[in-house]
2 protein chains.
Amino acid sequence: MKHIAESTVRRLSRYLRFLEGEEELGAETISSDDLATLGGTTSAQVRKDLSFFGSFGTRGRGYSVPALARRIREILGLEREWRVVIVGAGRVGAALAQYRGFRERRFNVVAAYDADPARIGTSLNGIVVRDQRTLDADLQALNPGIVLIAVPPEAAQPIVDRVARAGVRGILNFAPTALRVPDGVVVRSVDMALELEILAYALTAAK
Amino acid sequence: MKHIAESTVRRLSRYLRFLEGEEELGAETISSDDLATLGGTTSAQVRKDLSFFGSFGTRGRGYSVPALARRIREILGLEREWRVVIVGAGRVGAALAQYRGFRERRFNVVAAYDADPARIGTSLNGIVVRDQRTLDADLQALNPGIVLIAVPPEAAQPIVDRVARAGVRGILNFAPTALRVPDGVVVRSVDMALELEILAYALTAAK
DNA sequence: CTAATCTTGTGAAATGATTCACAAGCCCCG
DNA sequence: CGGGGCTTGTGAATCATTTCACAAGATTAG
Ligand SMILES: NC(=O)c1ccc[n+]([C@@H]2O[C@H](COP(=O)([O-])OP(=O)(O)OC[C@H]3O[C@@H](n4cnc5c(N)ncnc54)[C@H](O)[C@@H]3O)[C@@H](O)[C@H]2O)c1
Ligand SMILES: NC(=O)c1ccc[n+]([C@@H]2O[C@H](COP(=O)([O-])OP(=O)(O)OC[C@H]3O[C@@H](n4cnc5c(N)ncnc54)[C@H](O)[C@@H]3O)[C@@H](O)[C@H]2O)c1
């Protein structure tokens with residue numbers, strides 16, 4: 001498959017949200033123009049995004065809402081369950097562990113780890129926090145598709161190295177630090193402080 | 001000023017992190033090549049990014065670490081204090097309110113609001129959670145540059161409307177929903193579920 | 001059945017971002 | 001003080017993404 005731009009994948013994911021909303025409202029079909037309006041883009045962009053993966057619409061009618069939703073879920077890899085492990089059960093890690101929106105999308109948090117004895121053994125929505133020293137040995141059995149990292153910045157790289165060595169291929173990092181990963185491992189970062197700074201720039205430059 | 005790409009602003013913000021790290025280590029100068037290595041980009045990219053704002057380096061030597069850091073802070077609008085109000089003091093809102101990294105960057109959380117009587121009156125690191133019904137009246141005096149929204153998705157748009165009406169120009173939204181804002185108001189969203197889905201796609205398509 | 005109306009799918013054009021490549025400036029050594 | 005070695009700053013070239021524009025298929029009304 002030809003390489004798909006991240007911007008396209010991001011929009012597909014948004015289209016899916018809108019489609020699921022429309023599905024609940026009972027809509028049967030939707031046009032690229034409607035999707036564009038909901039998503040703040042243009043109808044040509046919507047059609048181009050979809051065209052990378054095939055042609056799912058009917059000229060004159062638009063797209064079948066349930067069929068397109070299913071197809072996008074398939075494209076994004078959301079038709080399966082994803083096993084997720086959280087490392088770092090502090091404020092961010094605990095929020096992630098308890099977030100219901102993940103489970104709705106079949107991202108199942110199967111374990112959480114921390115280094116702090118005060119946290120180990122506590123329960124987050126039924127997930128008992130384990131000692132990070134057992135992480136490496138546990139990973140074999142847990143076999144997570146994705147690991148979320150919510151530890152302090154200086155602890156993040158060692159965790160990456162450990163989970164990558166155990167065969168984990170996907171990492172979502174919340175620590176504000178750059179991470180090195182071996183080939184074949186995908187790491188993405190959510191950096192809230194960075195987003196604030198980009199916002200500060202936008203407000204400052206807008207004068 | 002000519003329009004600057006978001007990708008450029010994002011990189012500038014990262015360069016600043018590295019510069020501050022180097023500054024602590026006592027480095028006096030740094031080359032575009034060093035910055036590129038730290039940031040996972042190319043030296044040409046670094047120089048191009050900086051060139052939009054002027055020329056700060058010395059041929060043959062590189063950039064003065066403290067001078068460049070200061071200049072980037074100035075560009076990003078980080079030389080001032082930013083007053084920040086948080087709406088929604090749930091798990092995410094509480095994590096944000098207690099995060100020390102924001103204060104280090106002079107993003108000062110001056111108030112937090114919630115709708116839940118059980119939360120109102122509780123204290124988050126010295127910030128007492130207030131009743132959201134007083135938000136509109138309070139905003140005048142609080143005069144925040146930025147509002148962080150951490151309420152459930154269906155509550156987000158009304159909050160946006162209210163704070164925008166009160167004159168707030170910058171919003172960072174954590175709810176997984178599209179938001180409409182009047183002209184002149186900048187809204188950015190941090191959507192963790194979306195990031196997970198993009199990661200799922202990358203893992204699925206990499207086969 | 002025909003005409004008018006929609007809406008998709010997609011090459012081609014336009015716009016935007018990154019990479020290349022190198023002249024020019026600066027430093028340091030001898 | 002001259003030459004070699006670095007490193008910046010920046011047009012030009014390349015690569016990527018978005019927008020345009022329209023033929024072609026589908027639907028609806030009469
Ligand atoms: N709180 C926020 O709103 C916020 C915002 C932006 C970024 N962040 C970043 O997110 C990360 C987590 O932030 P937080 O506020 O949850 O911090 P926190 O201190 O509440 O939680 C971090 C947790 O990681 C644990 N930990 C430390 N080393 C570990 C290791 N080696 N293995 C396992 N667990 C370990 C600690 O015991 C702690 O419980 C940090 O990198 C922070 O910079 C947080
Ligand atoms: N927890 C996570 O890890 C996570 C991950 C991704 C996205 N999110 C999103 O972030 C947002 C917050 O999530 P959370 O986990 O903190 O939820 P939460 O339920 O813990 O917190 C939401 C808070 O908002 C308050 N609230 C509701 N309506 C309000 C109003 N009108 N004004 C003021 N406060 C109001 C509630 O009382 C509650 O305390 C949600 O939109 C959620 O979808 C959370």
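Sequence lines set the chain letters: A, B, ... in the order given, protein chains first and strands last, and positions in each chain run from 1.
- Between A/Arg188 and A/Glu6, at least one side-chain nitrogen of the basic residue sits less than 4.0 Å from a carboxylate oxygen of the acidic one, meeting the salt-bridge criterion.
- Following rounding to the nearest Å, B/Ile4 (CD1) and C/dT18 (P) show an atom-to-atom distance of 12 Å.
- Note on B/Ser43: nothing from the nucleic acid sits closer than 4.0 angstrom, heavy atoms only.
- Under 4.0 Å is where a charged nitrogen must lie from a carboxylate oxygen, and between A/Glu20 and A/Arg73 at least one such pair does.
- Atom CD1 of B/Ile30 sits about 5.5 Å away from atom CG of B/Leu38, to the nearest 0.5 Å.
- The nearest whole Å value for the distance from the NE2 atom in B/His3 to the P atom in C/dA17 is 7 Å.
- The interatomic distance linking B/Lys48 (NZ) with C/dT18 (P) rounds to 11 Å, in whole Å.
- Aromatic ring centres of B/Tyr15 and B/Phe18 lie farther apart than the 6.0 Å criterion allows.
- A salt bridge links A/Arg17 with B/Asp191: the closest approach of a Lys/Arg side-chain nitrogen to an acidic carboxylate oxygen falls below 4.0 angstrom.
- Residue contacts for A/Ser32: at a heavy-atom cut-off of 4.0 Å it reaches the sugar-phosphate backbone alone, with no base atom in range.
- DNA chain D is contacted by both A/Gln45 and A/Gly60; A/Gln45 maps to the nucleotide lying nearer its 5′ end (nearest heavy atom per residue).
- Looking at heavy-atom distances under 4.0 Å, A/Phe52 makes no contact with the nucleic acid at all.
- Looking at A/Arg105 and A/Glu81, no side-chain N of the basic residue comes within less than 4.0 Å of a carboxylate O on the acidic one, giving no salt bridge.
- Note: CD1 (A/Ile30) to C1' (C/dC6) measures 16 Å, nearest angstrom.
- Nucleotide C/dG25 holds its P atom 16 Å from the OH atom of B/Tyr63, rounded to whole Å.
- The aromatic rings of B/Phe53 and A/Tyr201 stand perpendicular to each other, their planes meeting at an angle above 60°, with 30° marking the opposite boundary.
- Looking at heavy-atom distances under 4.0 Å, A/Arg47 makes contact with a base.
- Taking every nucleotide of DNA chain D with any atom under 4.0 Å from a non-hydrogen atom of chain A, the first and last of them, 5' to 3', are D/dT17 to D/dT27.
- Following rounding to the nearest Å, B/Arg59 (CZ) and C/dC28 (P) show an atom-to-atom distance of 17 Å.
- A/Asp34 places its CG atom 12 Å from the C1' atom of C/dC6, with the value rounded to the nearest Å.
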